[in-house]
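Because only heavy atoms are used, hydrogens play no part in the values below, and waters and symmetry mates are left out as well, while side chains stay in. The first residue of the sequence shown is numbered 1, and numbering continues consecutively from there.
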Amino acid sequence: MDTKIAIQGIKGSFHHQVAEEYFNKNMPLDECMSFDILVKSLLNNEAQKGIMALENSIAGSIIPNYALIDRNNLHIIGEHYLDIHMNLMALNGQKIEDIKEVHSHPIALLQCAVFFANYPHIKLIESGDTAETARRIQEQNLMGIGAVASPIAAKMYDLEILASGIHTIKSNKTRFVIVKTQNKELPKEQINKASIKFELDDMPGSLATILNVMNNCKLNLTKIQSMPIIETPFQYSFFVDVVFEKYKHYEKAKNILQLMTTHFKVLGEYKNGKI
């Protein structure tokens, strides 16, 4: 059976772009209009691998996706960093002054807030996906409505780009992770990054002690994200990414951390995708 890739959004979306770059252009896709639907696709084996955005260099972490991966016991088997180019597009023959509303994914709109502050006549409306909005404008011939999406979406749905590169900070990258329901079969010598999750007792210096262990074991901490534990107010889970040169250093740290933390969990062991 061919491997099917679940993406959030439709063809022309940034998730679609990642699928083409990470896998290949002919992989069958399961287009999901939300991350919840994407996870269900994996759990029901409708798709065998999924692509989920996890953090953006402007908008920050997509915290609900950390919870989805953890709660559904998904495994991160890889990652991909994508340069995000946001563009304002609409049906041909219009100017920005003609656009009354712009629809797009809330994260996309957040990344372009400074640009739209210069156009107070435009109403910003959140939608489920960047490319889906572009397709809807084309299919329904919606004049006066714009979309914020990728150059691929403009080309695919025959829209005119009225303003390109409208994201606030020009170096705009999103980190995507590749997930599946079972762990990856990568050999240890190829693994140089891991994502882990743990909880700590509410004691002074407990997090500092953990960070010292990582440092002593030659792990480089690249990300730490805290998330409140709903059942126990003011207690937190920590999601941590570490990179390392040798798997044995990580393995040593993992054995120590399992003893020093509660609810320790490996979310993924994979190859560092950052260039």
For [Y], is there any backbone N or O sitting under 3.5 Å from a side-chain donor or acceptor partner on [X]?
{"X": "Gln8", "Y": "Gly128", "value": "yes"}
{"X": "Lys170", "Y": "Gly165", "value": "yes"}
{"X": "Asn72", "Y": "Leu74", "value": "no"}
{"X": "Asn87", "Y": "Met89", "value": "no"}
{"X": "Asn215", "Y": "Leu211", "value": "no"}
{"X": "Asn65", "Y": "Ala53", "value": "yes"}
{"X": "Gln94", "Y": "Gly144", "value": "yes"}
{"X": "Asn220", "Y": "Val243", "value": "no"}
{"X": "His80", "Y": "Tyr22", "value": "no"}
{"X": "Thr174", "Y": "Ser57", "value": "no"}

Which atom of [X] lies closest to which atom of [Y], heavy atoms considered:
{"X": "Ala153", "Y": "Gly12", "result": "CB-O, 3.6 Å"}
{"X": "Ile7", "Y": "Ala19", "result": "CG2-CB, 4.2 Å"}
{"X": "Asn56", "Y": "Ala59", "result": "OD1-N, 2.8 Å"}
{"X": "Leu200", "Y": "Ile210", "result": "CD2-CG1, 3.8 Å"}
{"X": "Leu42", "Y": "Gln48", "result": "CD2-C, 3.7 Å"}
{"X": "Leu162", "Y": "Ala90", "result": "CD1-CB, 4.0 Å"}

Should we count [atom1] of [X] as having more than 12 external heavy atoms under 6.0 Å?
{"X": "Lys252", "atom1": "NZ", "value": "no"}
{"X": "Glu245", "atom1": "CD", "value": "no"}
{"X": "Lys123", "atom1": "NZ", "value": "no"}
{"X": "Lys193", "atom1": "NZ", "value": "yes"}
{"X": "Lys254", "atom1": "NZ", "value": "yes"}

Check against side-chain contact (heavy atoms from CB on, under 4.5 Å), Ile178 and Ile77: CA-CA 6 Å; Ile178 319 302; Ile77 60 162; 3.9 Å; yes

With a 4.0 Å cut-off on N to O distance, would you call [X] and [Y] a salt bridge?
{"X": "Glu79", "Y": "Arg175", "value": "yes"}
{"X": "Glu269", "Y": "Lys188", "value": "no"}
{"X": "Glu251", "Y": "Lys246", "value": "no"}
{"X": "Arg136", "Y": "Asp129", "value": "no"}

Going by atom types alone, do [X] and [Y] pair a side-chain donor with an acceptor below 3.5 Å?
{"X": "Asp83", "Y": "Asn172", "answer": "no"}
{"X": "Ser104", "Y": "Ser127", "answer": "no"}
{"X": "Gln225", "Y": "Ser61", "answer": "yes"}
{"X": "Asp30", "Y": "Ser41", "answer": "yes"}
{"X": "His16", "Y": "Glu20", "answer": "yes"}
{"X": "Gln182", "Y": "His75", "answer": "no"}

Cluster overlap [X] with [Y], hydrophobic side-chain contacts below 4.5 Å:
{"X": "Met227", "Y": "Ile69", "value": "yes"}
{"X": "Val39", "Y": "Ile63", "value": "yes"}
{"X": "Phe264", "Y": "Val242", "value": "yes"}

Working for side-chain contact (heavy atoms from CB on, under 4.5 Å), residues Leu91 and Leu159: CA-CA 5 Å; Leu91 290 172; Leu159 299 181; 3.9 Å; yes

Side-chain heavy-atom pair Leu88, Ile161 within 4.5 angstrom cut-off: no

Ring geometry between Tyr119 and Phe115 (parallel below 30°, tilted from 30 to 60°, perpendicular above 60°): tilted

Tyr250 and Tyr247 aromatic ring geometry - parallel, tilted or perpendicular at 30°/60° bounds: perpendicular

Check against side-chain contact (heavy atoms from CB on, under 4.5 Å), Leu109 and Val102: CA-CA 9 Å; Leu109 295 176; Val102 168; 4.2 Å; yes

is_close_aromatic(His15, Phe35), centroid dist under 6.0 Å: yes

Derivation and outcome, side chain to side chain donor-acceptor pair (under 3.5 Å), residues Tyr66 and Ser237: CA-CA 11 Å; Tyr66 281 89; Ser237 298; over 6 Å; no

Spacing of Glu139 atom CD and Leu142 atom CG [to the nearest 0.5 Å]: 10.0 Å

side-chain contact (heavy atoms from CB on, under 4.5 Å) assessment of Glu199 paired with Lys197: CA-CA 7 Å; Glu199 295 170 17; Lys197 176 222 170 184; 3.9 Å; yes

